[in-house]
Amino acid sequence: MNSDTAQVDDLQLIALPSAVNCTDLFVRFTLSEWSLRPMVEETSRAACQLVAEKVDDADPKAPGLVTVRLLVSGDRLVVEVDDGTLVAHALPLPAGLTGSSVPLPRRERRRSRAAERIAAEQPDSDAEIGHEVMQRILYGLNNREQRD
């Protein structure tokens, strides 16, 4: 990676046939995040071919790891596949686009549904917490008296 690199993302996989499908999903997701959808098909084809070659070369009884890396550098999108031996394929970015103009993905901070449900169930004040604790204690004592 050089100083012209504006974006980079990678994925590490086991060198098994399923790595090819995972590579396709990784490329599609990453390029969508980077707003480079017009490059998805060509990039996916190149990345999947490079990974397939690494998988074919791997020992199926003891497959190693394969790292798939996408990076935008200057006016190129580079696909790197590394299993100890790096291979790369560079594709030109669409006309008028450079690495610095590829937007970074923006994600909103959102809580999961479970976290929202737990937060909604939490008492709002110390008084409510104290009341809830007292209710549990009384409930426990009442149940104990009924068993005795």
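Atoms considered below: every heavy atom in the structure, side chains included; atoms not considered: hydrogens, waters and symmetry mates.
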Item to check | Steps toward side chain to side chain contact (heavy atoms under 4.5 Å, CB included) verdict (Thr30, Leu36) | outcome: CA-CA 9 Å; Thr30 302; Leu36 292 174; over 6 Å; no

Can you tell if the side chain of [X] reaches within under 4.5 Å of the side chain of [Y], non-hydrogen atoms only?
| X | Y | result |
| --- | --- | --- |
| Arg76 | Leu91 | no |
| Gln7 | Leu71 | no |
| Leu50 | Val68 | no |

Next on the checklist: I'd like to know if Leu65 and Val79 are part of one continuous hydrophobic network [Ile/Leu/Val/Met/Phe/Trp/Tyr, side-chain heavy atoms within less than 4.5 Å].
Outcome noted: no

Who are the salt bridge (Lys or Arg N to Asp or Glu O under 4.0 Å) partners of [X], not counting sequence neighbours?
| X | value |
| --- | --- |
| Arg45 | none |
| Glu53 | none |
| Asp9 | none |
| Asp82 | none |

Item to check | Identified side chain to side chain contact (heavy atoms under 4.5 Å, CB included) counterpart of Leu70 within the set Leu11, Val8, Val27 | outcome: Val27

In residues 55-62, what donor-acceptor pairs under 3.5 Å come from side-chain atoms, sequence neighbours left out?
from  : atom 1 : to    : atom 2 : distance (Å)
Asp59 : OD1    : Lys61 : N      : 3.0

Next on the checklist: By the salt bridge (Lys or Arg N to Asp or Glu O under 4.0 Å) test, which pairs, at least two apart or in different chains, include something from residues 85-95?
Outcome noted: none

Checklist entry - Taking only residues at least two apart or on different chains, which pairs with a member in residues 62-74 satisfy salt bridge (Lys or Arg N to Asp or Glu O under 4.0 Å)? => result Asp10-Arg69, Arg69-Glu80

Checklist entry - Got a sec, which residues hit side-chain hydrogen bond (donor to acceptor under 3.5 Å, both in side chains) with Ser18, two or more places apart in sequence or on another chain? => result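 With neighbours one apart ignored, the set is empty.
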
Item to check | Those residues that, when tested against Glu42, pass side-chain hydrogen bond (donor to acceptor under 3.5 Å, both in side chains) (two or more places apart) | outcome: none

Checklist entry - Members other than Leu25 in its cluster, when Ile, Leu, Val, Met, Phe, Trp, Tyr link by side-chain heavy atoms under 4.5 Å? => result none

Item to check | Co-members of the apolar cluster containing Leu86 [side chain, <4.5 Å] | outcome: none

Checklist entry - Considering all heavy atoms of both residues, which atom of Cys22 and which atom of Leu13 are nearest to each other, and what is their separation? => result CB-CD2, 3.7 Å

Item to check | Over 12 foreign heavy atoms within 6.0 Å of CD, Gln12 | outcome: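 Atom CD in Gln12 is crowded, with more than 12 foreign heavy atoms closer than 6.0 Å.
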
Checklist entry - In Å, rounded to the nearest 0.5 Å, how long is the span from CG of Leu77 to CG of Leu31? => result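 Between Leu77 CG and Leu31 CG, I get 5.5 Å after rounding to 0.5 Å.
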
Checklist outcome for this item: Rounding to 0.5 Å, atoms OG1 (Thr67) and NZ (Lys54) come to a distance of 10.5 Å

Checklist entry - Going by an N to O cut-off under 4.0 Å, is there a salt bridge joining Glu41 and Arg28? => result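 A salt bridge is present here (some side-chain N lies under 4.0 Å from a carboxylate O).
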
Item to check | Contacts of Cys48 that satisfy side-chain contact (heavy atoms from CB on, under 4.5 Å) - sequence neighbours left out | outcome: Val20, Thr23, Asp24, Ser44

